[in-house]
Amino acid sequence: VFGYPTSIGLKDIPQIDPLHPLLRFGIIAGTNPARKTIILDCPSYPGNSGGPVLEVEDVDPFNRHFQVIGVVSQFVPFAETWVNITHRYQNLNLSNSGYTVAVPMDPVLELINQ
């Protein structure tokens with residue numbers, strides 16, 4: 001996954017150059033047939049959306065074949081609800097689960113060709 005996750009890092013101490021994309025490595029963890037999406041085992045952040053998802057095939061020890069198989073659409077949140085029974089309130093915390101949703105290239109190309 002390539003992207004420009006400008007939402008990570010500290011603004012006062014810029015660890016990441018926003019003009020150069022970052023690469024994430026992951027695997028296809030599954031699919032969601034009802035939504036026609038790919039689930040990747042790699043975290044993504046705001047700024048990764050729209051970035052390409054590449055499939056890497058080792059052709060031989062010296063050559064690799066790269067193919068764009070999708071586009072990052074969103075991260076999958078981990079939702080945790082804290083409930084205070086005494087004071088009757090609750091708090092919902094969302095964090096990054098480490099999974100990413102990608103739209104396969106077929107519907108992306110269909111949309112472009114319309």
Discussion item. For a 4.5 angstrom cut-off between non-hydrogen side-chain atoms, does Val101 reach Ile39?
Written reply: yes
Discussion item. On a heavy-atom basis, which atom in Ser49 and which in Ser73 lie closest, and how many Å separate them?
Written reply: OG-O, 3.5 Å
Worksheet entry | CD1/Ile85: more than 12 non-hydrogen atoms of other groups inside 6.0 Å | no
Fill in: More than 12 heavy atoms from other groups under 6.0 Å of CG on Asp60
yes
Item to complete: Quick one: closest heavy-atom pair of Tyr45 and Pro5, and the distance?
Response: CB-CB, 4.1 Å
Worksheet item: Applying the side-chain contact (heavy atoms from CB on, under 4.5 Å) test to Ile28, which of Asp41, Val53, Ile69 qualifies?
Response: Ile69
Discussion item. Hydrophobic cluster membership, with links at side-chain heavy-atom distances under 4.5 Å among I/L/V/M/F/W/Y: are Val1 and Ile38 in one?
Written reply: yes
Item to complete: Report the distance from atom CG of Leu10 to atom CD1 of Ile16, rounding to the nearest 0.5 Å.
Response: 9.5 Å
Discussion item. Looking at Phe66, I'd like to know if its CZ atom is crowded, meaning that more than 12 non-hydrogen atoms belonging to other residues, nucleotides or ligands lie closer than 6.0 Å.
Written reply: yes
Fill in: Distance in Å, Leu22 CG paired with Tyr4 OH, rounded so as to fall on 0.5 Å steps
9.5 Å
Worksheet item: Is Val103 reachable from Ile112 through a run of hydrophobic residues whose side-chain heavy atoms are each under 4.5 Å from the next?
Response: yes
Worksheet item: Does a side-chain heavy-atom distance below 4.5 Å link Asn48 with Thr100?
Response: no
Worksheet entry | Minimal non-hydrogen separation, Pro107 against Pro104, with atom names | CD-O, 3.1 Å
Worksheet item: Should Val83 and Leu94 be counted in the same cluster of Ile, Leu, Val, Met, Phe, Trp and Tyr side chains packed under 4.5 Å apart?
Response: no
Worksheet item: Partners of Asp58 by salt bridge (Lys or Arg N to Asp or Glu O under 4.0 Å), sequence neighbours excluded?
Response: Arg64
Worksheet entry | For the student: nearest non-hydrogen atoms of Cys42 and Arg24, plus distance | SG-CB, 4.3 Å
Discussion item. Same cluster or not: Leu54 versus Leu40, using hydrophobic residues (I, L, V, M, F, W, Y) connected whenever any side-chain heavy atoms lie under 4.5 Å apart?
Written reply: no
Discussion item. If you count heavy atoms of other groups shown closer than 6.0 angstrom to OH of Tyr99, is the number above 12?
Written reply: no
Worksheet item: Same cluster or not: are Phe2 and Val108 linked, directly or through other Ile, Leu, Val, Met, Phe, Trp or Tyr residues, by side-chain heavy atoms under 4.5 angstrom apart?
Response: yes
Worksheet, complete the sentence: In short, Ser7 meets Pro46 closest at the heavy-atom pair OG-O, 3.1 Å
Discussion item. Ignoring hydrogens, what is the shortest heavy-atom contact between Leu92 and Ala79? Give both atom names and the distance.
Written reply: CD1-CB, 4.1 Å
Item to complete: Verify whether one side chain among Asp17 and His20 offers a donor that lies under 3.5 Å from an acceptor in the other.
Response: yes
Fill in: From Asn93 atom CG to Trp82 atom CH2, the distance as rounded to the nearest 0.5 Å
7.5 Å
